[in-house]
Amino acid sequence: MEPNRTNVIRFASSMYSYTINVEKIHNALNCLEIELPSWGFANTGTRFGKFLQPAAASTIEEKFSDAAQVHNLTGVCPTVALHVLWDLPYGVGSVPDVKKLSAQFGVRPGSINPNVFQDQIYKHGSLGNPDPCVRKAALAHLQDSAEIAAGVGSRDISLWFTDGSNYPGTANMRQRRKWFSEGLGKLHDHLAPDQRMLIEYKPFEPAFYHTDIADWGMALLLARDAGPKARVLVDTGHHYQAQNIEQIVSWLLDEDMLGGFHFNDRRYADDDLTMGSIDPYQVFRIFHEIRHFEWETGKRADIAYMVDQSHNLKAKIEAMIQTVTTAQELYAKAALVDHERLAEYQRRSELIDAETCLKEAFSTDVRPAIREWARSRGLPEDPMKAFRESGYLDRITTERRERNAAAVTSYA
Ligand code: RM4
Ligand code: MN
Ligand code: MN
């Protein structure tokens with residue numbers, strides 16, 4: 001059948017917008033990097049116990065090796081977040097080892113995460129502890145962490161505190177805020193000129209009555225108090241059910257105070273499930289706010305995109321590949337939003353058209369364009385398939401099985 005003129009024109013114009021879309025997606029993917037957490041490759045569990053995986057990583061060398069697999073297959077995960085207590089047992093003394101592993105595996109150390117919650121001295125808090133000796137010890141560890149970060153060439157120190165209380169009347173909340181402000185200020189003074197400190201908030205758990213840094217407002221005030229190198233870190237799992245995370249993100253962007261993300265998903269609380277597994281539209285909306293901010297201001301938002309997940313049941317490396325693929329898809333969709341058109345609809349309060357404009361981008365199948373992008377970079381089109389065919393999992397399962405079987409799994 002001869003194509004009629006109208007069809008030809010329609011086809012040509014849809015080809016034209018297809019080409020524009022592919023270009024938009026490729027440009028967006030070129031600037032998306034995702035940091036993997038070292039602890040995401042280790043055996044983790046719930047407070048009721050762990051189900052051990054024979055292939056889980058238990059040394060920092062194994063964590064680097066697993067993270068490198070994900071980076072080699074996806075091309076967008078050049079850094080791995082490290083937890084000082086779990087990954088650098090000798091503190092600053094472990095820096096040379098980390099540098100060696102980084103050179104060996106081709107992935108760099110990313111954010112450095114101090115640990116001021118596991119030691120027995122932190123039973124009643126760290127920087128907010130009523131005991132000045134404990135506050136001093138916590139600060140010393142935070143400052144050491146800044147030195148570790150400088151030593152391994154990382155920019156960000158990522159701070160999460162469990163400080164809080166379980167029962168009303170047992171803690172002086174205002175006083176603790178002052179201690180926090182003091183301690184974080186001292187850490188700020190200790191940072192090198194190009195370093196940043198990211199302050200994470202969480203409404204509850206492990207503290208169940210009050211948490212010292214419970215929400216983005218508290219984190220923002222403390223970051224402001226600390227100084228110009230402090231920013232807020234948004235962990236998507238650290239909000240109450242109905243909270244509008246993308247609005248928090250857009251306000252923090254507006255204040256130039258958004259430093260980074262810990263991505264994960266949840267159904268109930270801080271479930272640490274795979275990003276986008278429960279509510280992909282929410283991740284899209286967050287990415288959209290960031291892209292919209294960048295379009296409107298002409299500025300590039302300086303955000304560390306990090307994953308903070310715990311795969312108790314899923315195979316760890318595969319779950320991480322799935323996460324990266326999901327992040328790319330949702331970011332690519334957000335890159336497709338037609339900002340000019342959206343701004344016009346918003347100005348005229350054309351509600352249905354504005355919402356449809358967003359949904360059109362969300363419902364576009366971006367996978368062919370992502371495959372094309374991967375091909376153009378010499379990466380596998382299907383990283384999961386490539387991983388499964390690589391034989392890596394079989395090899396590490398054999399190597400690590402015995403050690404993992406001997407690990408501790410009990411809750412009590
Ligand atoms: C916390 C928080 C921190 C992470 C720890 C392991 O809930 O999200 O960012 O480092 O878990
Ligand atoms: Mn987190
Ligand atoms: Mn968390």
Side-chain angles (χ1 to χ4, degrees), residues 34-47 50 56-58 60 63 67 79-88 109-119 122 125-127 138 141-142 145 148-149 154 156-164 184 196-208 211-216 218-219 222-223 231-241 243 245 248-249 252 258-275 277-278 282-283 286 303-312 316 319-320 323 327:
I34 300 156
E35 182 164 308
L36 305 174
S38 70
W39 55 97
F41 298 104
N43 273 318
T44 48
T46 67
R47 64 191 176 120
K50 291 179 189 174
S58 44
I60 180 162
K63 292 170 188 172
T79 59
V80 49
L82 301 176
H83 233 286
V84 176
L85 186 71
W86 305 331
D87 299 323
L88 294 107
S111 65
I112 298 299
N113 294 250
N115 186 311
V116 284
F117 50 88
Q118 254 182 301
D119 197 285
Y122 298 127
S126 59
L127 288 187
H141 177 76
L142 298 179
S145 302
I148 291 171
S154 304
D156 293 336
I157 295 106
S158 187
L159 305 165
W160 175 63
F161 298 93
T162 59
D163 288 56
L184 292 173
R196 306 192 305 173
M197 52 191 265
L198 308 181
I199 303 176
E200 182 171 355
Y201 56 90
K202 177 169 176 172
F204 68 92
E205 198 208 15
F208 290 113
T211 295
D212 283 301
I213 313 181
D215 66 24
W216 71 282
M218 299 179 200
L222 286 170
R231 295 283 183 283
V232 177
L233 184 146
V234 176
D235 182 313
T236 46
H238 293 190
H239 300 87
Y240 290 114
Q241 288 286 7
Q243 255 178 310
I245 302 175
I248 295 172
V249 166
L252 288 173
L258 179 61
F261 282 97
H262 273 175
F263 279 116
N264 49 58
D265 211 339
R266 63 87 179 270
R267 182 67 184 84
Y268 299 102
D270 186 22
D271 307 340
D272 283 339
L273 301 177
T274 318
M275 176 182 191
S277 56
I278 305 288
Q282 175 170 78
V283 185
I286 291 172
I303 301 169
Y305 294 106
M306 301 176 269
V307 172
D308 182 8
Q309 293 173 179
S310 166
H311 307 118
N312 312 334
K316 291 162 197 303
M320 220 52 102
T323 303

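Both ligands and their constituent atoms are indexed starting at 1 by order of listing. By convention here, the first residue in the shown sequence is residue 1.
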min-distance protein heavy atom vs atom 7 (O) of ligand 1 -> Asp270 OD2, 3.0 Å
Ligand 1 to His238, heavy atom cutoff 4.0 Å, flagged ligand atoms 2 (C), 7 (O), 8 (O)
Numbered in order shown, the ligand 1 atoms found under 4.0 Å of a heavy atom of Asp308 are 2 (C), 3 (C), 4 (C), 8 (O), 9 (O)
Requested in this report: Taking Asp163 for its side chain and Ser126 for its backbone only, find out whether a donor-acceptor pair lies under 3.5 Å.
Outcome: yes
The atom of Asp308 among N, O or S that is nearest the Mn ion (ligand 2) is OD2
Is it true that a side-chain atom of Arg267 and a backbone atom of Leu273 form a donor plus acceptor pair closer than 3.5 Å? no
Measure from the side-chain N and O atoms of Lys316 to the backbone N and O of His311, and report whether any donor-acceptor pair falls under 3.5 Å. yes
The closest protein heavy-atom partner of atom 6 (C) of ligand 1 is Trp86 CH2, 3.9 Å
Note: OE2(Glu200)-the Mn ion (ligand 2)-OD2(Asp235) angle, rounded to 10 degrees, equals 90°
*Keeping the roles fixed (side chain from Glu205, backbone from Asp270), state whether a donor-acceptor pair exists under 3.5 Å.*
no
With only distance considered, is Asp235 within less than 3.5 Å of ligand 1 through an N or O on each side? yes
In ligand 1, the atoms that come under 4.0 Å of a heavy atom of His262 are 9 (O)
Of all N, O or S atoms in His262, the one closest to the Mn ion (ligand 2) is ND1
*Quick one: are Lys63 and Leu82 in side-chain contact, heavy atoms under 4.5 Å?*
no
The N/O/S atom of Asp270 lying closest to the Mn ion (ligand 3) is OD2
among protein heavy atoms, the one nearest atom 11 (O) of ligand 1 is Trp160 CZ3, 4.0 Å
Short version for His83: what comes under 4.0 Å of ligand 1, heavy atoms counted, is side chain
Quick note on ligand 1: atoms under 4.0 Å from a heavy atom of Lys202 include exactly 7 (O)
re atom 2 (C) of ligand 1, the protein heavy-atom contact at minimum distance is Glu200 OE2, 3.4 Å
Asn113-ligand 1 polar pair, N/O distance under 3.5 Å: no
Notebook entry, point to check: In terms of ring plane angle, is the pair Tyr305 and Phe263 parallel, tilted or perpendicular, where the classes change at 30° and 60°?
Noted result: parallel
- Main-chain N/O of Asp235 paired to Glu200 side chain as donor or acceptor, under 3.5 Å: no
